[in-house]
Number of protein chains: 2
Amino acid sequence: MTARTSRTPLSRERVLAAAVALVDAHGVPALTMRRLAADLQVEAMSLYYHLPDKEALLDGVLETVLDEIVRAAGPGGDDVWQARLRRQFLAARQVMLRHPWAPALLATRHTAPAAVYVYYDGILATLVGAGFSYRLAHRALHAFGSLPLGFAQEVFSPAPAGGGPAGAELAGAELAGAELAAMADALPHLAAMVAAEVHAAGDPTLGWCDSQVEFEFTLDLLLDGLARLRAPGSAAADG
Amino acid sequence: MTARTSRTPLSRERVLAAAVALVDAHGVPALTMRRLAADLQVEAMSLYYHLPDKEALLDGVLETVLDEIVRAAGPGGDDVWQARLRRQFLAARQVMLRHPWAPALLATRHTAPAAVYVYYDGILATLVGAGFSYRLAHRALHAFGSLPLGFAQEVFSPAPAGGGPAGAELAGAELAGAELAAMADALPHLAAMVAAEVHAAGDPTLGWCDSQVEFEFTLDLLLDGLARLRAPGSAAADG
DNA sequence: ACCTGAACACCGTTCAAGT
DNA sequence: ACCTGAACACCGTTCAAGT
């Protein structure tokens, strides 16, 4: 136990774990070969012995977090299909919340790690086991979008000049009075919506744009719709 | 009309238009200050007179395409709300198909251009005009996700080693026999799904993972579900 | 087998200077 | 007002070399 600790040799796993930690702490732009090497107390060129190039590093980083997400979602228990998928998707979300940069990084990648396909095979098994045709199950997978991985593509948030990424939720306090007044002119319905939601503050949501609530709303909307398509006869449905 | 044409002075608009053209032709990584300047027959530093830095350039590029998309979606006609939203979202999709890099770029941005908020205000007007409460309309916006902008978060596609981005559709021909056999072991249900869908080739879809069909399926699933929530009484619904 | 040092061809950006 | 040239501090990466 001298002053220079941790002389464990490098490995792909150790490099990727350090990379994930770096990105968690300082964001994707901070992930450079030189800085990552410094974190590992090694020269930048050493990384190239374990990874071919930076693209492989980014792929590996995503592989690491997606493996974690898929592991958290688990294999699915023996409850009914809606409850099982719901539980898996919400478990995935808990992990994704710790890596909020992952959706944006995923959007830039060209391939998905193998674990994702195993995970989707399990979802498919759940649907088919519940009586879905492969055709409808396939469409269900597309309809779910990114929900199985624990995030929703949040392209809209009612804060034209707010901080955080485009997908971030809006803290109610961020909308100052002056800002809201300016909004009322150009965006009357958005302003009215904000006003209406703030008024109804007596209910049990955590606040404006509570994303857990939104996530579950969308998820249940899709699950209910799919249930109806699988077993028609309860209500009118075309297309 | 001498040999050196196009000596029109630079402007923010001209810079952004050239940037969009560059990205359309060669992808986001090709968009560097030096290369963009070369395309405009100007020195790299000249760009800084019209844009503060590269982040502003990327914001501007996205602003340009989103303005185009919002313009294509239009203000909404006088048909019923489902048909109106459907028409708007599908029109947006036609533009987005010409800028397939835009979703990934949008995921990296921190703010959305103002035109997007005007567009969403119009969608909100449609919903509220159709009898939605602001609460339900708000949730509908979140449930739509990226559909109003013309794309679906396609995180799943049954091609573990295919080309194109993670969100790309799979051309049926890409799955060779050997690849499919290997898939059958590890991913039995995905393999069965591929087999089942290929078998049913007599129907009018354009092919495996026809994304126009998938897009409309998801859209209609959401529209039908929202219609039911707005006017309950036709079928059982909880949550 | 695993890691390093120096070097190369790029980046975005600052700053003083040109017209 | 608009554009430029040289320079700076970074990148990812190659290549020959160390142990």
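Just so we're on the same page: letters track the sequence lines, and every chain starts at 1.
Taking atom CG of A/L57 as the reference point, atom P of D/dC11 lies 14 Å away to the nearest angstrom. Counting to the nearest Å, the C1' atom of C/dG12 and the CG atom of B/L47 are 11 Å from each other. Between the CG atom of A/L51 and the P atom of D/dT13 there is a distance of 11 Å, rounded to whole Å. In this structure, CG of B/L10 is placed 17 Å from P of D/dA1, rounded to the nearest angstrom. For the pair A/R35 CZ and D/dA9 P, the computed distance is 19 Å after rounding to whole Å. We find that CD of A/E55 is positioned 14 Å from C1' of D/dC11, with the value rounded to whole Å. The CG atom of B/L36 sits 13 Å away from the P atom of C/dT13 (whole-angstrom rounding). Distance CZ (A/R14) to C1' (C/dC3): 13 Å, rounded to an integer number of Å.
Backbone-only contact: A/T32 has heavy atoms under 4.0 Å from sugar-phosphate atoms and none from a base.
For B/R71, there are no salt bridge (Lys or Arg N to Asp or Glu O under 4.0 Å) partners two or more places apart in sequence or in a different chain. A/R98 pairs by the salt bridge (Lys or Arg N to Asp or Glu O under 4.0 Å) definition with A/E68, not counting sequence neighbours. Remark: B/R86 engages B/E216, B/D220 in a side-chain hydrogen bond (donor to acceptor under 3.5 Å, both in side chains) (not counting sequence neighbours). Applying the side-chain hydrogen bond (donor to acceptor under 3.5 Å, both in side chains) criterion to A/T64, with sequence neighbours excluded, gives no partner residue. Take A/Y119 and apply the ring pair (Phe, Tyr, Trp, His ring centres under 6.0 Å) test, not counting sequence neighbours, and it matches no residue.
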So A/V65 and A/L105, side chain to side chain contact (heavy atoms under 4.5 Å, CB included) or not? Walk me through it. CA-CA 11 Å; A/V65 305; A/L105 185 56; over 6 Å; no
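Taking every side-chain heavy atom of A/H50 into account, C/dC3 is the closest of D/dC11, D/dC3, C/dC3. In the set C/dG12, C/dG5, D/dG12, the nucleotide with an atom closest to the side chain of A/E43 is C/dG5. Side-chain proximity of A/Y49 to the nucleotides D/dG12, C/dC2, C/dG12 is greatest for C/dC2. Of the candidates C/dC3, D/dC3, D/dG12, the closest approach to any side-chain atom of A/M33 belongs to D/dG12.
A/F217 CZ to B/H142 NE2: the interatomic distance, rounded to the nearest 0.5 Å, is 10.5 Å.
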Return one dot-bracket line describing DNA chain D 5' to 3' (Watson-Crick or G-U wobble pairs, both distances under 3.5 Å; ( ) same strand, [ ] crossing, | another strand, . none). ||.|||||...|||||.||
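Nearer to the 5' terminus of DNA chain C, by closest-nucleotide assignment, is the contact made by A/S46 (compared with the other of A/S46 and A/R34).
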Reading 5' to 3' through nucleotides 14-19 of chain D, protein heavy-atom contacts under 4.0 Å coded B for base, S for sugar-phosphate only, - for none: B-----
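Residue pairs meeting the side chain to side chain donor-acceptor pair (under 3.5 Å) criterion with at least one member in residues 45-55 of chain B, sequence neighbours excluded, are B/E55-B/R109. Applying the ring pair (Phe, Tyr, Trp, His ring centres under 6.0 Å) test to residues at least two apart or on different chains, the pairs with a partner in residues 85-107 of chain A are A/F89-A/F144, A/H99-A/W101.
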